[in-house]
Amino acid sequence: MKEHFDDQYVKRSQQDGYRSRASYKLLELNTKDKLFKPAMRVVDLGAAPGGWSQVAAKLIGDKGVIIASDILEMAPLAGVTFVQGDFTEQGVYEAILEEMGNEKADLVISDMAPNMSGNTSVDQPQAMYLVELALDMAAQVLRPGGNFLVKVFQGEGFDDYLKAMKAQFGSVVT
C-alpha cells in the first residue's frame with residue numbers, strides 16, 4: 001500500500017482531483033489518438049472507481065452520454081450513468097442497453113483487470129478473459145465505425161486477441 005500511495009501518479013491524481021492514476025493513461029491516449037469528441041455516446045466497462053469515466057465526461061461535455069458499469073460500487077459522477085453488476089449477466093446487460101436507449105455507442109472503453117495474485121499463470125488468463133468479454137460487449141453495442149479502447153496485458157493469449165480485434169475492426173493500434 002505504501003508503494004501505491006508513494007506513486008507519483010497517485011499523488012498527482014489526488015492533487016488534480018482525479019479518482020485514479022489511470023486517468024492519465026486515458027488523457028495521454030486521447031492526446032495521441034483523438035478518441036473523444038463532444039456529444040459522444042461512451043460505454044465504460046470495469047469503470048470503478050471512475051477515473052476513465054471522469055476524464056471521458058470532461059472530454060465529451062454535457063451533450064455526451066456515458067454509461068459506466070462495474071461489479072464494484074462507484075461513487076456518483078456528474079454526467080455518468082452507472083450500472084452496477086456483471087455486464088455478462090442478462091439483467092445487467094439489459095440495464096446498460098436500456099440506458100443507451102435505441103442508440104449505439106461511439107466508443108467503448110475498458111480498463112478492466114483482475115485482482116492480481118502475482119502469479120502470471122493465473123493472472124494472465126484471467127486478464128485475457130476480461131478483455132475478451134469487453135470485446136464481445138463492444139461488438140454488440142458499438143455503432144458501425146465505432147471505436148474500442150481496451151487495456152490488455154501482453155502475454156499468453158495476446159496474439160490471438162490481436163487477431164480477433166483485427167477481424168472486427170478496420171484499424172487496430174497497440
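The analysis underlying the following values was restricted to heavy atoms, covering all of them including side chains, and did not include hydrogens, waters or symmetry mates.
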Acceptor/donor pairs from residues 59-66 side chains to any protein atom, 3.5 angstrom cut, sequence neighbours excluded:
none

Please tabulate, one pair per line, all N/O donor-acceptor pairs under 3.5 Å involving side-chain atoms of residues 166-174, not counting sequence neighbours.
none

Validation: residues 67-78 side-chain donor-acceptor distances under 3.5 Å, sequence neighbours left out:
unit_1	atom_1	unit_2	atom_2	d
S69	OG	V83	O	3.0
D70	OD1	L72	N	2.8
D70	OD2	A47	N	3.1
D70	OD2	A48	N	2.9

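Put simply, L142 and M165 are part of the same group of oily side chains (I, L, V, M, F, W, Y) that touch within less than 4.5 Å, one to the next. Hydrophobic clustering (side-chain heavy atoms under 4.5 Å, transitive across Ile, Leu, Val, Met, Phe, Trp, Tyr) keeps I109 apart from M100. Grouping the Ile, Leu, Val, Met, Phe, Trp and Tyr side chains by contacts below 4.5 angstrom, directly or via other members, places F82 apart from I96. In terms of hydrophobic clustering, with Ile, Leu, Val, Met, Phe, Trp and Tyr side chains grouped at heavy-atom distances under 4.5 Å, M40 and F148 are assigned to different clusters.
Closest approach of P114 and L130 over heavy atoms only: N-CD1, 3.4 Å. Closest heavy-atom contact between S53 and D44: OG-OD2, 2.6 Å. Nearest approach of V55 to S23, heavy atoms of both residues: CG2-CB, 3.6 Å. Nearest heavy-atom pair, Q140 versus K104, reported as atom, atom and distance to 0.1 Å: O-NZ, 2.7 Å.
The salt bridge (charged side-chain N to carboxylate O under 4.0 Å, His left out) analysis of residues 143-156, with sequence neighbours excluded, yields the pairs D106-R143, D111-K151.
Here N102 pairs with nothing under the side chain to side chain donor-acceptor pair (under 3.5 Å) rule; sequence neighbours left out. Taking E94 as the reference, Q90 meet the side chain to side chain donor-acceptor pair (under 3.5 Å) condition, with sequence neighbours excluded. For the side chain to side chain contact (heavy atoms under 4.5 Å, CB included) test, residues two or more places apart in sequence or in another chain that qualify with Q154 are F158. Taking N119 as the reference, S117, S121, V122 meet the side chain to side chain contact (heavy atoms under 4.5 Å, CB included) condition, with sequence neighbours excluded. Every side chain to side chain donor-acceptor pair (under 3.5 Å) that T88 has, sequence neighbours left out, goes to D86. For D160, there are no side chain to side chain donor-acceptor pair (under 3.5 Å) partners at least two apart in sequence or on another chain.
Looking at Y161, its side chain never comes within 3.5 Å of a backbone N or O of M128 through a donor-acceptor pair. Judged by distance alone, with hydrogens and angles left aside, the side-chain atoms of W52 form a donor-acceptor pair with the main-chain N or O of A22 at under 3.5 Å.
Contact of the M112 side chain with the V131 side chain is not registered, since no non-hydrogen atoms from C-beta on lie closer than 4.5 Å. For the pair L107/K37, no side-chain contact is recorded, criterion being any heavy-atom separation below 4.5 Å from C-beta on. By the 4.5 Å heavy-atom criterion applied to side chains, S110 and L149 are not counted as neighbours. Side-chain contact between F36 and K58: absent, with no pair of heavy atoms (C-beta onward) separated by less than 4.5 Å. Put simply, the side chain of F87 does not reach to within 4.5 Å of the side chain of V43, judged on heavy atoms. Taking the side chain as every heavy atom from C-beta outward, V150 and L135 never approach each other to under 4.5 Å.
Atom CG of residue L29 and atom CG of residue L35 lie 6.5 Å apart, to the nearest 0.5 angstrom. With rounding to the nearest 0.5 angstrom, the CD atom of E99 is 10.5 Å from the CG atom of L97.
Other residues sharing a hydrophobic cluster with M116 under the 4.5 Å side-chain heavy-atom criterion for ILVMFWY residues are F153.
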